[in-house]
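One structure is given below, encoded as structure tokens.
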Amino acid sequence: MKKQGFSLLIVGYENTGKSMLGSRIKDCLIINCDHKRYVFDAIHSNYIKWKGIDDFKSFINAKIVAYKDKYGSFPKNVAIDTVTHMYNSMIKYNSEKSNNNFKVMEENNQNTIDIADYFRQLNSKGINVIIFAHTKIDQKTDQFTVPAQGSFRDSGSWQSFVSEAFFISRDGESHLVVLKDANNRCVRTNIKEINESSEAIISVDFNKFDINEHLEKISSSIVDETKEL
């Protein structure tokens, strides 16, 4: 039986190294959704303009097959860089299709649910989904959050669709990957050694952080789904 994949959210401000970190992931197909040229030496495809949920899924499925044709196996990881730009492109597309704000919000919400379902489908095939996202401070909670609209924003944005997430911080000489911090809603994990640590905050120097080792730890922490009744 193929092992279940997982979804990981990686959050940070602009220019904190999200794309650089993504380029270090082995056996990975990166879907570049940013409105700029992808500059790293990594296997990637550009999906800059949203054209509907079916087009989005078909595009990635075709690239996954192309990856297999070229490299002999399906990618172990698919990365969306960044889901924030993809989401903004989706909202723009839906707004241009209709001048009915209520229908636009309904379409945005449905698309978001469909995207999450699609990521879970990839997980069921044994493919991990790594989601890169920009952050901002939520004015209501004074905490980091991933920008979103409507009920999707109120239910926790992309944080609500993943069980694994970490935060990249960069402040002067300090450049850290934050793996544990109860006060940061963009940080969560099921990795036992992190959860059981007595340290309230666990962070690693960005340049010393091994993303592939971390992905293996996440994979090892996945609960055996055959125990589900």
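No hydrogens, no waters, no symmetry mates; every other heavy atom, side chains included, goes into these values.
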Per-pair distances, 0.1 Å, donor-acceptor, side chain in residues 172-181, under 3.5 Å, sequence neighbours excluded:
{"from": "H175", "atom 1": "NE2", "to": "T16", "atom 2": "O", "distance (Å)": "2.6"}
{"from": "K180", "atom 1": "NZ", "to": "I194", "atom 2": "O", "distance (Å)": "3.3"}
{"from": "K180", "atom 1": "NZ", "to": "S197", "atom 2": "O", "distance (Å)": "2.8"}
{"from": "K180", "atom 1": "NZ", "to": "E199", "atom 2": "O", "distance (Å)": "3.0"}
{"from": "D181", "atom 1": "OD1", "to": "N183", "atom 2": "N", "distance (Å)": "3.0"}

All N/O donor-acceptor pairs, side-chain side in residues 66-74, below 3.5 Å, sequence neighbours left out:
{"from": "Y67", "atom 1": "OH", "to": "D27", "atom 2": "OD1", "distance (Å)": "2.7"}

Residues S19 and D81: side-chain donor-acceptor under 3.5 angstrom: yes
Nearest atoms (heavy-atom pairs only) where E96 meets K92: OE2-NZ, 2.7 Å
same_hphob_cluster(F59, M90) at 4.5 Å side-chain heavy-atom cutoff: yes
Contact check, side chains of I211 and I130, non-hydrogen atoms, under 4.5 Å: no
Stepwise side chain to side chain contact (heavy atoms under 4.5 Å, CB included) check, F161 with R120: CA-CA 9 Å; F161 288 138; R120 283 190 285 267; 4.2 Å; yes
Under 3.5 Å donor-acceptor, S160 side chain and S157 backbone: yes
With E216 via side-chain contact (heavy atoms from CB on, under 4.5 Å) - residues at least two apart: K76
Side-chain touch Y87/T112, heavy atoms, less than 4.5 angstrom: yes
Side-chain H-bond candidate by donor/acceptor type, N46 with N32, under 3.5 Å: yes
M86 side chain near I115 side chain, heavy-atom distance below 4.5 Å: yes
Side-chain heavy atoms of L8 within contact of N128, under 4.5 Å: no
Atom CG of N99 with >12 non-hydrogen neighbours under 6.0 angstrom: no
Minimal non-hydrogen separation, C33 against I80, with atom names: SG-CG2, 4.0 Å
Stepwise side chain to side chain contact (heavy atoms under 4.5 Å, CB included) check, D114 with K57: CA-CA 10 Å; D114 291 341; K57 293 190 294 185; 5.6 Å; no
Test item: side-chain donor near acceptor, S7 and N123, under 3.5 Å: yes
Cluster check F206, V39: I/L/V/M/F/W/Y, side chain < 4.5 angstrom: yes
Stepwise side chain to side chain contact (heavy atoms under 4.5 Å, CB included) check, I48 with S89: CA-CA 8 Å; I48 308 302; S89 180; over 6 Å; no
Ring pair (Phe, Tyr, Trp, His ring centres under 6.0 Å) partners for F132, two or more places apart: none
Closest contact, heavy atoms only, D55 versus K51: OD2-CB, 3.4 Å
Separation of I113 CD1 from N109 CG (nearest 0.5 Å): 6.5 Å
Side-chain touch T84/W158, heavy atoms, less than 4.5 angstrom: no
Approximate separation, where rounding is to 0.5 Å, of H35 NE2 and K49 NZ: 9.5 Å
Any side-chain heavy-atom pair of Q110 and I53 under 4.5 Å: no
G22 to I30 - nearest heavy-atom pair and separation: O-CD1, 3.7 Å
Aromatic plane relationship, F166 with F209 - under 30° parallel, 30 to 60° tilted, over 60° perpendicular: perpendicular
Atom pair CD1/NE2 of I10 and H214 - distance to nearest 0.5 Å: 8.0 Å
Approximate separation, where rounding is to 0.5 Å, of D117 CG and L122 CG: 11.5 Å
N/O donor-acceptor pair under 3.5 Å between E164 side chain and N190 backbone: yes
Contacts of F56 that satisfy ring pair (Phe, Tyr, Trp, His ring centres under 6.0 Å) - sequence neighbours left out: Y47, W50
Check: K26 main-chain N/O paired with N77 side-chain donor or acceptor under 3.5 Å: yes
N207 CG: over 12 foreign heavy atoms closer than 6.0 Å: yes
Distance, nearest 0.5 Å, that separates OG of S95 from CG of N108: 6.0 Å
I25 side chain reached by N212 side chain, heavy atoms, under 4.5 Å: yes
Linked, directly or transitively: V204 and L21 (ILVMFWY side chains, under 4.5 Å): yes
Spacing of NZ belonging to K103 relative to OG belonging to S98, to within rounding of 0.5 Å: 6.0 Å
Heavy-atom pair with the smallest gap, counting every atom of F6 and S219: CE2-N, 3.9 Å
Worked verdict on C186 versus Q159 for side chain to side chain contact (heavy atoms under 4.5 Å, CB included): CA-CA 6 Å; C186 295; Q159 298 99 305; 3.7 Å; yes
Minimum-distance pair of heavy atoms, taken over all atoms of R170 and N15: NH1-O, 3.2 Å
Set of ring pair (Phe, Tyr, Trp, His ring centres under 6.0 Å) partners for Y118, sequence neighbours left out: none
Within 6.0 angstrom of D41 CG, more than 12 heavy atoms from elsewhere: no
Main-chain N/O of V162 paired to R188 side chain as donor or acceptor, under 3.5 Å: yes
Main-chain N/O of Y13 paired with K18 side-chain donor or acceptor, under 3.5 Å: yes
